[in-house]
Amino acid sequence: MSYPVNKSDAEWRAELGDDQYSVLREAATERPWTGELLDEERAGVYNCAACKAELFKSGTKFDSGCGWPSFYESVRPEAVELIEDRTLGMVRTEVRCANCGSHLGHVFPDGFGTPTGDRYCMNSLALGFTPES
(Lines give C-alpha, C1' and ligand atoms only; values in the text may rest on other atoms or scores of the structure.)
Protein backbone atom coordinates (compact mmCIF):
# COMPACT_ATOMS: atom_id res chain seq x y z
CA MET A 1 0.00 0.00 0.00
CA SER A 2 1.12 3.55 -0.66
CA TYR A 3 1.10 6.01 2.23
CA PRO A 4 1.21 9.84 2.24
CA VAL A 5 4.59 9.62 4.03
CA ASN A 6 6.82 7.24 2.10
CA LYS A 7 10.52 6.87 2.93
CA SER A 8 13.20 4.33 2.17
CA ASP A 9 14.48 1.93 4.83
CA ALA A 10 17.72 3.93 4.92
CA GLU A 11 15.79 7.14 5.64
CA TRP A 12 13.73 5.48 8.41
CA ARG A 13 16.90 3.98 9.95
CA ALA A 14 18.58 7.39 9.96
CA GLU A 15 15.57 9.02 11.69
CA LEU A 16 14.63 6.32 14.20
CA GLY A 17 16.72 4.65 16.87
CA ASP A 18 17.31 0.90 16.65
CA ASP A 19 14.50 0.02 19.07
CA GLN A 20 11.99 2.34 17.40
CA TYR A 21 12.95 1.09 13.95
CA SER A 22 12.45 -2.49 15.10
CA VAL A 23 8.93 -1.75 16.40
CA LEU A 24 7.73 0.77 13.82
CA ARG A 25 9.19 -0.70 10.64
CA GLU A 26 9.68 -4.41 11.50
CA ALA A 27 6.58 -4.96 13.68
CA ALA A 28 8.52 -5.94 16.80
CA THR A 29 6.93 -5.60 20.25
CA GLU A 30 8.54 -3.90 23.21
CA ARG A 31 8.61 -5.77 26.51
CA PRO A 32 5.51 -5.20 28.66
CA TRP A 33 5.68 -2.73 31.56
CA THR A 34 8.76 -0.98 30.08
CA GLY A 35 7.26 1.77 27.93
CA GLU A 36 7.67 5.42 28.91
CA LEU A 37 4.05 6.24 28.03
CA LEU A 38 2.43 3.40 29.96
CA ASP A 39 1.79 5.56 33.04
CA GLU A 40 1.33 8.90 31.23
CA GLU A 41 -1.76 10.55 32.70
CA ARG A 42 -1.60 14.13 31.41
CA ALA A 43 -4.14 15.46 28.94
CA GLY A 44 -2.86 15.58 25.39
CA VAL A 45 -2.50 13.78 22.08
CA TYR A 46 -0.55 10.64 21.20
CA ASN A 47 1.04 10.71 17.77
CA CYS A 48 3.03 8.39 15.53
CA ALA A 49 6.68 8.41 16.58
CA ALA A 50 7.71 8.05 12.92
CA CYS A 51 5.63 10.71 11.13
CA LYS A 52 3.94 12.68 13.97
CA ALA A 53 0.38 12.00 12.72
CA GLU A 54 -2.24 12.29 15.49
CA LEU A 55 -3.48 8.86 16.55
CA PHE A 56 -5.13 8.88 20.00
CA LYS A 57 -6.47 11.39 22.52
CA SER A 58 -5.60 11.04 26.19
CA GLY A 59 -9.29 10.82 27.11
CA THR A 60 -9.51 7.45 25.36
CA LYS A 61 -6.54 5.95 27.24
CA PHE A 62 -7.32 3.44 29.96
CA ASP A 63 -5.47 1.04 32.27
CA SER A 64 -6.08 -2.38 30.78
CA GLY A 65 -3.46 -4.09 32.96
CA CYS A 66 -1.72 -5.55 29.90
CA GLY A 67 1.61 -3.72 30.25
CA TRP A 68 1.25 -1.48 27.18
CA PRO A 69 -0.58 1.84 26.70
CA SER A 70 -4.19 1.05 25.82
CA PHE A 71 -6.87 3.15 24.13
CA TYR A 72 -10.47 2.36 23.28
CA GLU A 73 -10.54 4.27 19.97
CA SER A 74 -8.32 6.22 17.60
CA VAL A 75 -8.63 9.97 17.12
CA ARG A 76 -10.43 9.24 13.81
CA PRO A 77 -11.19 5.87 12.21
CA GLU A 78 -9.08 6.80 9.18
CA ALA A 79 -6.05 7.69 11.35
CA VAL A 80 -5.13 4.02 11.67
CA GLU A 81 -5.08 1.09 9.30
CA LEU A 82 -6.30 -2.30 10.57
CA ILE A 83 -4.75 -5.41 9.00
CA GLU A 84 -5.35 -9.10 9.69
CA ASP A 85 -2.21 -10.56 11.31
CA ARG A 86 -1.77 -14.36 11.26
CA THR A 87 1.76 -14.45 12.72
CA LEU A 88 2.67 -16.38 15.88
CA GLY A 89 0.02 -19.04 15.19
CA MET A 90 -2.96 -16.81 15.96
CA VAL A 91 -5.29 -14.36 14.26
CA ARG A 92 -5.00 -10.77 15.49
CA THR A 93 -5.63 -7.32 14.08
CA GLU A 94 -2.50 -5.25 13.53
CA VAL A 95 -2.76 -1.47 13.88
CA ARG A 96 -0.63 0.68 11.57
CA CYS A 97 -0.37 4.42 11.15
CA ALA A 98 -2.46 5.28 8.08
CA ASN A 99 -0.10 8.16 7.28
CA CYS A 100 3.19 6.23 7.06
CA GLY A 101 2.39 2.53 7.50
CA SER A 102 4.35 2.15 10.73
CA HIS A 103 3.41 -0.71 13.05
CA LEU A 104 1.83 0.56 16.28
CA GLY A 105 0.51 -2.57 17.96
CA HIS A 106 -2.71 -4.59 17.85
CA VAL A 107 -6.39 -4.06 18.63
CA PHE A 108 -8.41 -6.62 20.57
CA PRO A 109 -12.16 -6.85 21.28
CA ASP A 110 -11.59 -7.15 25.03
CA GLY A 111 -11.76 -3.55 26.21
CA PHE A 112 -14.43 -4.43 28.73
CA GLY A 113 -16.12 -1.44 30.31
CA THR A 114 -15.03 0.97 27.55
CA PRO A 115 -17.49 2.73 25.22
CA THR A 116 -16.28 0.71 22.20
CA GLY A 117 -15.30 -2.60 23.79
CA ASP A 118 -11.94 -2.32 21.98
CA ARG A 119 -8.42 -2.30 23.40
CA TYR A 120 -5.84 -0.70 21.12
CA CYS A 121 -2.70 -2.17 22.70
CA MET A 122 0.11 0.13 21.51
CA ASN A 123 3.88 0.08 21.85
CA SER A 124 5.19 3.15 23.71
CA LEU A 125 8.11 3.22 21.27
CA ALA A 126 5.63 3.69 18.42
CA LEU A 127 4.08 6.77 20.01
CA GLY A 128 4.98 10.33 20.85
CA PHE A 129 3.00 12.46 23.30
CA THR A 130 2.12 16.15 23.09
CA PRO A 131 0.62 17.49 26.33
CA GLU A 132 -2.13 20.10 26.21
CA SER A 133 -0.84 23.61 26.82
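Because only heavy atoms are used, hydrogens play no part in the values below, and waters and symmetry mates are left out as well, while side chains stay in.
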V75 with F129, same ILVMFWY side-chain cluster at under 4.5 Å:
no
Shared ILVMFWY cluster between Y3 and L82, side chains joined below 4.5 angstrom?
no
For A50 and W12, which heavy atoms make the closest approach, and how far apart are they?
CB-CZ3, 3.5 Å
For W68 against M122, the heavy-atom pair lying closest together
CB-O, 3.3 Å
Who pairs with [X] by side chain to side chain contact (heavy atoms under 4.5 Å, CB included), at least two apart in sequence or on another chain?
X: P4; answer: N99
X: E26; answer: R13, Y21, S22
X: Q20; answer: L16, L24, A49, L125
X: E84; answer: R86, V91

For residues 100-115, which side-chain N or O atoms pair as donor and acceptor with protein atoms under 3.5 Å away, sequence neighbours left out?
residue: S102; atom: OG; partner: R25; partner atom: NH1; Å: 2.9
residue: H103; atom: ND1; partner: E94; partner atom: OE2; Å: 2.8
residue: H106; atom: NE2; partner: D85; partner atom: OD2; Å: 2.7
residue: D110; atom: OD1; partner: R119; partner atom: NE; Å: 2.8
residue: D110; atom: OD1; partner: R119; partner atom: NH2; Å: 3.4
residue: D110; atom: OD2; partner: R119; partner atom: NH2; Å: 3.0
residue: T114; atom: OG1; partner: G111; partner atom: O; Å: 2.6
residue: T114; atom: OG1; partner: G117; partner atom: N; Å: 2.9

Let me see the working for R96 and V80 under side chain to side chain contact (heavy atoms under 4.5 Å, CB included), right down to the final yes or no.
CA-CA 6 Å; R96 290 187 188 172; V80 295; over 6 Å; no
Counting C-beta onward and ignoring hydrogens, is there a side-chain heavy-atom pair between S74 and L55 closer than 4.5 Å?
no
To which residues is L88 joined in a hydrophobic cluster, defined by side-chain heavy-atom contacts under 4.5 Å among Ile, Leu, Val, Met, Phe, Trp and Tyr, whether direct or through other members?
M90
So which residues get pulled into F62's cluster when ILVMFWY side chains under 4.5 Å apart are joined, directly or through others?
Y72
Does anything in residues 44-58 pair up under side-chain hydrogen bond (donor to acceptor under 3.5 Å, both in side chains), and if so which pairs, sequence neighbours excluded?
none
So the side-chain hydrogen bond (donor to acceptor under 3.5 Å, both in side chains) pairs with at least one residue in residues 28-39 (sequence neighbours excluded) are none
I would like to know whether Y120 and V95 meet side chain to side chain contact (heavy atoms under 4.5 Å, CB included); could you show each step before the answer?
CA-CA 8 Å; Y120 285 80; V95 181; 3.9 Å; yes
Which residues satisfy the side chain to side chain donor-acceptor pair (under 3.5 Å) test with S70, sequence neighbours excluded?
S64
Quick one: list whatever passes side chain to side chain donor-acceptor pair (under 3.5 Å) with E15, sequence neighbours left out.
K7
Just grab all the salt bridge (charged side-chain N to carboxylate O under 4.0 Å, His left out) pairs involving residues 123-133, residues at least two apart or on different chains.
none
